[in-house]
Amino acid sequence: MTAVQNYPFALIMLFLASGVICFVLSGRIAKWYCLVLCGVGTVMMAMTLRYVLAAGESYVYLMGHFPSPWGNELRIGPFEALMAALFCAIALFSIMGGMEHILEDCEERKVNLYFASFCLLMSSMLALIFTNDLFTAYVFIEINTITACALVMLNYRNGGALIATTRYLIMSLLGSGLFLIAVILLYDLTGHLLMEPLGAAVETLRMTGGYLFPLTVIVGLLSVGLGIKSAIFPFHTWLPDAHANATSASSALLSGLVLKAYVILLIKLIYRVMSMESHAVSFAADMLFVFGVLAMIIGSVLAMGEQDLKRMLAYSSVAQVGYIYAGIGLGTTAGMIAAGTQIVTHAITKPMLFCAAGGFMGVSGGSRRISDLRGAAWRDPLSGVAFFVGALSMIGIPLFGGFATKLQLTLASIALPGWKAWLSIAAIVLSTVLNAIYYLKTTAALYSKDGTSPYDELRVTYRTLYRALYVIAILAFIILNIWQGIGSGTFTGIIREGLSLLG
Amino acid sequence: MGPNLLANYYETAAMLIFGIGFTALFLSRNMIKKVIGFNLMDTGMFLFLAAKGYVEGRSAPILTDGVRSATAYINPVPAGLVLTGIVVSVSVTAFLLALTVRLYLKYRTLNLDEMLQRSRRNEAES
Amino acid sequence: MASYRLFRRFANWVEGEEVYPIPEIEKNGSSVREHPITEDMARVRSSDEGVGTLLRRWMDSPQGVAAFRRVYTVTAALLCAAIVTLLLVTVSYLPRFGAPDNPANNEVPRRYIEQGLSETGAINVVAGMILDYRAFDTLGESNVLFAATVAVLILLRDDGEGKKKKRAIPELKQEPERERPDPILRASAAVVGPFALLYGVYVILNGHLSAGGGFSGGAILGAALMLLSAAFGQEKLERVFTARRCKALTFLALMCYALLKSWSFYTGANHLPSGIPLGTPGSILSGGLILPLNICVGLVVGCTMYSFYACFRSGGMRDGT
Amino acid sequence: MNIITIFLLTFLIVCAVAACLARNLLVTVIIFMGYSLVMAVVWLFLQSPDLAITEATVGAGVSSILFFLTLRRIRTIDTLADADAEREEEVS
């Protein structure tokens, strides 16, 4: 085994241990430590990605001395490695972009606890991406839940954050409860917890026609459980408050990464346990598709009515997650590729928008209301540019990331016969129009200067240290976005190869 | 309806407890009741798992008298999973209760709806 | 009649009418409940526009709140009922309880039982399973506990202002303990406390030989510490067991755990021998890594449980200085 | 199927319902404590002593203590707030 193959495992353990280390470090050191760690993680994951792409195959990493049905395993392929590299990079840029606000919002002596939570969150997301074992997934889902809530409630002196955390936590617990019960039922029917033997056993059950009813229930529970945690439409109610009340770095992490980790787990489950063929005709796929389409439209409608910038972005996340689920619900490989592309697109766009929102709030007395933010884009030009790029990307203008998704999703829908194709294309068109309306309206508001704002004379300076970090982060996000828009083939190609290796 | 509802009486009871806990967590507006509901939900699931590991007439998987045959002991896997689960459940309980204290400090109520209304009113006033 | 009363009670509960433990709270809350809905809020928002705003405004109006609450409650109750029914029907299809030929009794538990002793050295198969075969789960589990500690500390630790030990949040302060702790509590704690501590240590050290292990032993340790602290006062206990020591102990134990397990994962994945002797089955010093891991877990759990207690009781532990 | 397990399981369900419906939160927590103890016994019947010992210490011990502490903390918050309110009234 070459050294590169150890990196995923090493990174998970490194983040776990760093959580404990940050607990004893002071906040001043912990923040730099975390930045360095994320940078190292990005490099390590990029090397792993290069290795698996060169090898052209995925490999299994034993966690201990015992092979598949007995011990825990990680599984590393191009899809997982790409997502892990992306997650580390986005986390790095999100923290860089929101560093100033973290230090403002957090009590000084609790900064290190924020970074401890952050490290544990990262390790849990990496474990969710790589794990090959359902019960491990459950345990790390719980770490993810607790630490994500900890990141939201960081600024608990703002009362809204506390209530938002509570609602988020309770919905998440319902979701993980459903997930766990599904895992238990699955264990009862097959006697396995690892995905490989589990998939084989489920296949056998399906052949022999045994336990059909419990299997259907299990698939439904898994989808709903993970759906609640990634805020699929009827269960999205916790999301706007949680994402709007958190500090901007936390909002970026939560919307860009945490929602996606569960979707990635769901995609792995579909490929490795339920098998693509049965997913295509299953009830769960139709359900996810309908929820996704509804989310695309209703999320946009709700975002249109928002007067609060961060809540608007949060509702837009609901709509964007809808795209992912619509892609999964199509039930074809092309749909899955579209979903994967959307994961990448949203992960590089939404954190940028949240960071920019943090920038606007910084030059407008901390208000989140769009009416108070009028002209903020002139006061903080870089954030203005970032918001504009993000808006164009979310609308789906060619040359920006969002276009890649919409293209893939449209292509996947056209190839499909029947009601799903029409519904999905109609939803894409409608959602694009709605997106354009509210994003352009907001951008126009941000750029309109009517001389009434008390902050008009304020100009942001990019000279201080944290602002320099912010500039780097925003530039990186913009570059990633344009890369995804122009060279969308890169990521989509890796996703295609990764998904074919997953099955 | 399958044939085994009454034969699986442990599982049936476990699912009922799970349902009670789920309902309390979902519907009750009092934070403490929600936490209790969460605990009931989790113990219900653990009871289900533990029942799944049991095999009629076999003993606990502690190899005492040198008996090493798999037919003498029950399945140890569910027990291990439940142990892990109990830790998760007590951690989450502590977290939820800490949130409850904080919320009570801020809003002087345990009712989640009232908290929401008050925080909305605060927002509208500010 | 009784069933009707039960139903009424259920309905009341669902509608959120609760009696809190202390009637005063009811009194406090009622002043707010009189004008629960917000006409001024509707006015504030009336300058806004758009479909979503209209929807929100309706939802914030009294009729809207009532209607929304009713619809939400009914839907949620139906949803819960549906889930329970679904699960019960599923149970009726599952393999029979206690049958030896259930799918779960396959080659996995067979190897755990038949070769567990020679592969892990643990007499308690469950301990061998969670700390060796499926150790990654258990590592995650202790980090769940750690994550919860971090979250509780964020919420409840009261750092005070500056170097002075003044509390930042007066309400978080416990009322000064004027009354002496209960004599019955003190006497029984003096008898039970040491034995409970000893029992916790016993359970931890015998985790691989008999029922129990790091987690249950640690919980017993934590409970014993809570008992002592409740009986003899937190200050007295924290003269020995200071915040800094507690933190250091947690840190060391978790790091130790992570390092030991990393070594074992690393060697396992690279097919190297781990080089850890398993010892004679049945003696205390056996079971390879299981005993040290149990000790680590026990320490972490004990410290965590006690720091939960300290946080809930008085906003965290003091430094002994 | 023996009578004792049926009895214990029924007891568990009744406890669960009662804990949710009880009006006094202290009663709720006490019922929950009893529920945890019975659960430990049930697990002993299911040949899982590891679980029984853990549930007895965690469910009936630590969790319940945390609940009690929370209730007590809530009462403290109230008494302090009341005292503050009284003081303000006296001043005015």
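Scope of the values below: all heavy atoms of this structure, side chains included, with no hydrogens, waters or symmetry mates. Every chain is numbered from 1 and lettered A, B, ... according to where its sequence line falls, protein lines coming before strand lines.
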Checklist entry - Rounded to the nearest 0.5 Å, what separation is found between the NZ atom of B:Lys106 and the CD1 atom of A:Ile163? => result 9.0 Å
Checklist entry - Say you draw a straight line from CG of A:Leu178 to CE of B:Met45; how long is it, rounded to the nearest 0.5 Å? => result 8.0 Å
Checklist entry - Which atoms of A:Ile143 come close to chain B, meaning under 4.5 Å heavy atom to heavy atom: side chain ones, backbone ones, both, or neither? => result neither
Item to check | Rounded distance (nearest 0.5 Å) linking atom CG of B:Leu103 with atom CG of A:Leu162 | outcome: 5.0 Å
Next on the checklist: Quick check for you: to the nearest 0.5 Å, what is the distance between B:Phe48 atom CZ and A:Leu180 atom CG?
Outcome noted: 10.5 Å
Item to check | Proximal component of A:Ile146, with respect to chain B [non-hydrogen, under 4.5 Å] | outcome: both
Next on the checklist: Can you give me the closest heavy-atom contact between A:Leu193 and B:Leu81, atom names plus distance?
Outcome noted: CD1-CD1, 3.7 Å
Checklist entry - Does any heavy atom of chain A fall under 4.5 Å from the side chain of B:Leu25, the backbone, both, or neither of them? => result both
Checklist outcome for this item: Separation between CD (B:Glu11) and CG (A:Leu185), nearest 0.5 Å, reads 10.0 Å
Next on the checklist: If I measure from the heavy atoms of chain B, does A:Tyr187 come under 4.5 Å with its side chain, its backbone, both, or neither?
Outcome noted: side chain
Item to check | Heavy-atom contact with chain A under 4.5 Å, split by part of B:Phe22 | outcome: both
Checklist entry - Atom OG1 in A:Thr166, atom CG in B:Leu96: separation rounded to 0.5 Å? => result 8.0 Å
